[in-house]
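Naming convention: chains lettered A, B, ... in sequence-line order (proteins, then strands); numbering from 1 in each chain. Keep in mind that this is a model prediction, so the values were computed, not measured.
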Amino acid sequence: MSSTVSSLPLIALVDVNNFYVSCERLFNPSLAVRPVVVLSSNDGCIVARSDEAKALGFPMGDPWFRWRMLARRSGTIALSSNYELYGDMSRRIMRLASGFSDGQEIYSIDECFLSWHPFPSGRSATRTGEAIRADLERWTGLPVKIGLAGTRTLAKLATHWARTRPGSVLAWPELSPEEQAEILCRTPVSALWGIGPNRARRLGQDGIRNAADLVCCDPGRIADRFDRPLAQTVHELQGRPLFGSHSSPPPARQSILSSRSFGSPVTDPTLLADSLCVYMGRAAEKLRGDGASALTVGIWLENRQRGRSRPVREWRLQGLARPTSDSRSLIAVALDLLASLHEPGLPYTKSGVYLGDLVPAGAGSGNLFDHPDAIGREDRLSRLVDEIHRRFGPRGLGYGAGGLAHPPAWHPKRDFRSPAYTTDWHHLPLVRA
DNA sequence: TCTGGGGTCCTAGGACCC
DNA sequence: TCTGGGGTCCTAGGACCC
């Protein structure tokens, strides 16, 4: 195989290693060589692990209480999620990464796709990846791995194996056919992007166990026997890109959710209302940040009952007469819905809000009965609140339906939280000479 | 008493991702 | 006793229509 890629489109997946743990380690060097896990909101589940913690057997996504004893015995450090820190570090590294290619799509808080169309002929994909990795690490301190390939599914696969490479970079087109075949053989289908436990089990029943088995399949037959998304995965594995075109802008968000589990069960309707106000305030701010308005508002409440494996979740949805992004209007709808949903005495464990049918702000807004000045006033007030949040943080000013206590009684547990090193002056680390 | 066939739209729920 | 949060897409089934 030649050592360079010809003039074909190329996609790179940039993935920060153990992102949450790596963020924590940036500001707390004593974590550097110790096993570390980061817990989800409410200190519920393990959502990130250092390599040392992985080696000890801490699993992803499992409830924390099952692993507390192992943590104590092994000297593993557990930290609550610090989303202010992770969000800020994510913005920094994404902004830097966007400068390396023609196109960028931010896929998650710690991953983005970079694309070239075409990739310059004669240039080495491997060396390009290595240069990006070195710059990102130098500028942010965060360790990354990079996989490059002609399709996203192959770029994902390449990133999965990049950890085994000296420079943490793997360019699929620059591997020999033998190397490619070996990787496909050694990759179980469950490790491929888009194949979860369910599809892996069904494929196994047909004797399709690894990526090498799957890449030989006819996508049409896979679509008939299984489903279309799986057939698309086969297409992509064979090197024909389907997911995301190279030039189209990333699709607009279709819905916004905001929810949290309560630190302890809540029966008081005033506290439920307060939680919905806070979540709707957040969701509406995100909505305005997208330059969008919503036509559907929803809320849900959850209660967990003994003996039931899954919590009971009850929804209420409401269509709006005109699209809006005004926090107060959206909160008013949410509180109306709460009145019809809430059952007195039931101990709720979680609440959430939903904004759907999003349209660009201004589209179809206003009707005969709305005074234009009123719409302008709503908009200016919401944007003023956004500005206050940007300058003074979310506690600077908020919408409330009851509780002013801080932290509110329903607030999730965060017993092991680190400081907001990069977003709060009071949390700046001090260096003593 | 008899009671088709095909289309669309909506919703709930499942599968998957990080 | 203690099980996250925020998304996307697909499918099946019911309601409805002609």
At less than 4.0 Å, is any side-chain N or O atom of [X] found next to OP1 or OP2 of [N]? Yes or no.
X        : N     : answer
A:Arg260 : C:dG6 : yes
A:Ser258 : C:dG5 : no
A:Gln232 : C:dC9 : no
A:Arg68  : C:dC2 : no
A:Arg304 : C:dG4 : yes
A:Lys286 : C:dG6 : no
A:Ser108 : C:dG7 : no
A:Ser40  : C:dG5 : no

Roughly, in whole Å, what's the span from [atom1] in [X] to [atom2] in [N]?
X        : N      : atom1 : atom2 : answer
A:Asp62  : C:dT3  : CG    : P     : 12 Å
A:Leu287 : C:dG7  : CG    : P     : 11 Å
A:Asp43  : C:dG5  : CG    : C1'   : 14 Å
A:Leu358 : C:dG6  : CG    : P     : 15 Å
A:Phe226 : B:dA15 : CZ    : P     : 15 Å
A:Phe58  : C:dT3  : CZ    : P     : 19 Å

Flag, side chain of [X] to backbone of [Y], donor-acceptor distance under 3.5 Å:
X        : Y        : result
A:Asn42  : A:Gly44  : no
A:Arg34  : A:Gly75  : yes
A:Asn210 : A:Ala212 : yes

| query | What class does the angle between the rings of A:Trp410 and A:Tyr279 fall in, given that below 30° is parallel, 30 to 60° is tilted and above 60° is perpendicular? | reply |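 It falls in the perpendicular class, over 60°.
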
Once you apply a heavy-atom cut-off of 4.0 Å, does [X] come out as touching a base, just sugar-phosphate, or nothing?
X        : answer
A:Leu317 : nothing
A:Lys156 : sugar-phosphate
A:Phe19  : nothing
A:Ser255 : sugar-phosphate
A:Ile195 : sugar-phosphate
A:Asn42  : nothing
A:Pro197 : sugar-phosphate
A:Ile256 : sugar-phosphate

| query | Hey, is A:Asp224 close enough to A:Arg221 for a salt bridge, meaning N to O under 4.0 Å? | reply |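 Here A:Asp224 does not pair with A:Arg221 in a salt bridge, since their nearest N and O are not under 4.0 Å apart.
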
| Along DNA chain C (nearest heavy atom to each residue), the more 5'-positioned of A:Arg228 and A:Lys350 |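 Its nearest nucleotide lies further toward 5', so the answer is A:Lys350.
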
| task | Take atom CZ of A:Arg225 as the centre, draw a 6.0 Å sphere, and report whether it contains more than 12 heavy atoms from other residues, nucleotides or ligands. | result |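 No - once you tally the heavy atoms of other residues, nucleotides and ligands closer than 6.0 Å, there are 12 at most.
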
| Strand partner of C:dC16, provided both Watson-Crick or wobble distances fall under 3.5 Å |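 WC or wobble partner is B:dG7.
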
| query | For atom P, what is the distance between C:dC18 and B:dC2, given to the nearest Å? | reply |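 Nearest-Å result for C:dC18 against B:dC2 at atom P: 26 Å.
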
